[in-house]
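Inspection log for the structure reproduced underneath, given as structure tokens.
Since the structure is predicted, the reported quantities are computational estimates derived from the model, not experimental observations.
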Amino acid sequence: CYYCHNEGAGKGDDFDNNNKLDINDFKFLSEILVDEFGLEKITFTGGDPFLFKGVEQLAHNLSHKGVRVKAITRGAPLLPLIENNVIKKDDFDHICFSIDTLIPSKFSEITRVDERLLQKGITALKKTIELGIPARIHVVVQKENYDGKDIIFILDFASENNVDSVKMYEIMDPGKIKEPYLEDILTEINILPKELTPKKLAVRYHFPYKNTTITPTRCLCNLAIFNQTCPCTGQSLMFDPQGRVNTCLFWDVHTNPYRIELFEEIKAKDKNAIIEKLHKYQQHKCPLLMTKEERENKNAGLELGGYH
């Protein structure tokens, strides 16, 4: 999608296909995270994780170790895996479908792919639910091209198709973080109570809508702005196929001075070295708590649209 930041990994041409972890490397790493660090849940994201060969094997291994596994997908890459009985019901806690719009032309504009892939994604969502895996929808609401009708359209679709919930995000502008617009749109169409303020929405509320639930999701970075503290530490770490560990999705990993490099240790199956490096994880400074000048000097913050 044109707004994507590739989970902080930078531009797609930064990747070297000969310098990536494979599924066996991730299995090895996941065992360390479960046994040594008490990993409880993991999210497969990307890009689209179902383009990664063997991702279903990793999900199976983790789920049978008691880890809650979820994935975020556009849906089309998942469809053949479901149709070929590769995806098993017990291997995923739930699967999130990133569907910003149900209008094919707008879908194509946002994702930069053929609009026919939207229907494949919708088919994958329905088959996921038939398989018995709970499905959720993620929507990035963009101020310039979204209105109440778009949202009602998606919510009605979710309700009619037994989708568990719909999470709605907005693209954050670091310079205007206290000027949110998602709440305004949802209030106008009577989804949100008018008394809710942006600060209150820093806590994630769930509102019933017919047969589904809507969650207007303010990023944890909102808590950083309103409370002047970083809420991310100890919550999550981002591992990429190059063995880099990003500490914050508001840093591009290659500019994050707090990142951890594990590629060589994972390839060498050096368990002790991996454990030692992860134990040295340091609390990062959130770019949103920096001044604009500090962000520029440290090259902090995301390069949105960097994924190709």
**Asked** Can you check whether F28 reaches K269 side chain to side chain, under 4.5 Å on heavy atoms?
**Response** yes

**Message:** Are T213 and D164 packed together at the side-chain level, in the sense that at least one heavy-atom pair is separated by less than 4.5 angstrom?
**Reply:** no

**Request:** Mind listing the closest non-hydrogen atom pair of A273 and E265 along with its distance?
**Result:** CB-CG, 3.7 Å

**Message:** Give me the atom names and distance for the closest heavy-atom approach of F37 to H279.
**Reply:** CE2-CE1, 3.7 Å

**From S165 atom OG to H94 atom NE2, the distance as rounded to the nearest 0.5 Å** = 7.5 Å

**Asked** Is there a side-chain contact between K120 and L117 (heavy atoms, below 4.5 Å)?
**Response** yes

**Request:** Considering only NZ, NE, NH1 and NH2 on the basic side and carboxylate oxygens on the acidic side, decide whether R116 and D114 come within less than 4.0 Å.
**Result:** yes

**Prompt:** Looking at side-chain heavy atoms only, is the closest gap between L62 and L39 below 4.5 Å?
**Reply:** yes

**Message:** Looking at every heavy atom in both L155 and T212, which two are closest together, and how far apart are they?
**Reply:** O-CG2, 4.1 Å

**Prompt:** Is the side chain of K53 donor-acceptor paired with the backbone N or O of F50 at a distance under 3.5 Å, no angle test?
**Reply:** no

**Asked** Roughly how far apart are D91 CG and L131 CG, rounded to 0.5 Å?
**Response** 9.5 Å

**Message:** Does either side chain, that of Y258 or that of N246, offer a donor lying less than 3.5 Å from an acceptor on the other one?
**Reply:** no

**Prompt:** Can we call the ring centroids of H138 and Y169 under 6.0 Å apart?
**Reply:** yes

**Message:** Is it the case that over 12 heavy atoms from other parts of the model lie below 6.0 angstrom from the NZ atom of K271?
**Reply:** no

**Message:** Could you see if V245 belongs to whatever hydrophobic cluster contains L33? Use Ile, Leu, Val, Met, Phe, Trp, Tyr and a side-chain cutoff under 4.5 Å.
**Reply:** yes

**Asked** Is the number of heavy atoms from other residues, nucleotides or ligands under 6.0 Å of F153 CZ greater than 12?
**Response** no

**Request:** Establish whether Y209 and I99 are linked, either directly or via other cluster members, by ILVMFWY side-chain heavy-atom contacts under 4.5 Å.
**Result:** yes

**Asked** Would you say D240's side chain and G243's backbone share a donor-acceptor pair under 3.5 angstrom?
**Response** yes

**Message:** side-chain hydrogen bond (donor to acceptor under 3.5 Å, both in side chains), that's the test. Do H206 and T215 meet it? Break it down for me.
**Reply:** CA-CA 5 Å; H206 308 280; T215 305; 2.8 Å; yes

**Prompt:** Is the number of heavy atoms from other residues, nucleotides or ligands under 6.0 Å of K41 NZ greater than 12?
**Reply:** no

**Request:** Could you tell me the separation between the CD1 atom of I133 and the CG atom of D93, rounded to the nearest 0.5 Å?
**Result:** 10.0 Å

**E261 bridged to R259 by N-O distance under 4.0 Å** = yes

**Request:** Give the C-alpha distance, both sets of side-chain angles, the deciding distance and a yes or no for salt bridge (Lys or Arg N to Asp or Glu O under 4.0 Å) between K106 and D100.
**Result:** CA-CA 9 Å; K106 188 178 286 189; D100 293 338; over 6 Å; no

**Request:** Kindly indicate, with the supporting measurements, whether the criterion side chain to side chain contact (heavy atoms under 4.5 Å, CB included) is fulfilled by V166 and V139.
**Result:** CA-CA 7 Å; V166 179; V139 183; 4.0 Å; yes

**Prompt:** So, D22 and K27, do they make that salt bridge, N to O below 4.0 Å?
**Reply:** no

**Message:** Donor-acceptor pair, distance only, cut-off 3.5 Å: does the side chain of T128 make one with the backbone of A124?
**Reply:** yes

**Pair K70-I95, side chain to side chain contact (heavy atoms under 4.5 Å, CB included): steps then yes or no** = CA-CA 5 Å; K70 79 171 184 178; I95 295 178; over 6 Å; no

**Message:** Between H64 and H60 (side chain of the first, backbone of the second, donor and acceptor by atom type, cut-off under 3.5 Å), is there such a pair?
**Reply:** yes

**Message:** Using 0.5 Å steps for rounding, measure from the CG atom of L58 to the OG atom of S63.
**Reply:** 9.5 Å

**Asked** So which heavy atom on P216 is nearest to which on I214, and how close?
**Response** CD-O, 3.7 Å

**Message:** Are F97 and I154 linked, directly or through intermediate hydrophobic residues, by side-chain heavy-atom contacts shorter than 4.5 Å (ILVMFWY only)?
**Reply:** yes

**Message:** For a quick test of reading the model, state the closest non-hydrogen atom pair linking Q242 to F263 and the distance between them.
**Reply:** O-CB, 3.3 Å

**Asked** What pair of heavy atoms forms the shortest contact from V113 to T111, and how long is it?
**Response** CG2-OG1, 3.0 Å

**Prompt:** Can you say whether the rings of F26 and F52 are parallel (under 30°), tilted (30 to 60°) or perpendicular (over 60°)?
**Reply:** perpendicular

**Message:** Are the side chains of I137 and F157 in contact, using a 4.5 Å heavy-atom criterion?
**Reply:** yes

**Request:** Would you give the length of the straight line joining atom CD1 of I82 to atom NZ of K127, rounded to the nearest 0.5 angstrom?
**Result:** 8.0 Å

**Prompt:** Should the pair E40-R68 be classified as a salt bridge under the 4.0 Å nitrogen-to-oxygen rule?
**Reply:** no

**Request:** Indicate yes or no: at least one non-hydrogen side-chain atom of L262 is less than 4.5 angstrom from one of L278.
**Result:** yes

**Asked** What class does the angle between the rings of F44 and F92 fall in, given that below 30° is parallel, 30 to 60° is tilted and above 60° is perpendicular?
**Response** perpendicular

**Fill in**
Separation between CZ (F107) and CD (Q119), nearest 0.5 Å, reads 10.5 Å

**Prompt:** Quick one: do V163 and L79 end up in the same hydrophobic cluster if we chain Ile, Leu, Val, Met, Phe, Trp and Tyr together by side-chain heavy atoms under 4.5 Å apart?
**Reply:** no

**Message:** With heavy-atom distances below 4.5 Å as the criterion, would you say the side chains of I151 and I189 are in contact?
**Reply:** yes

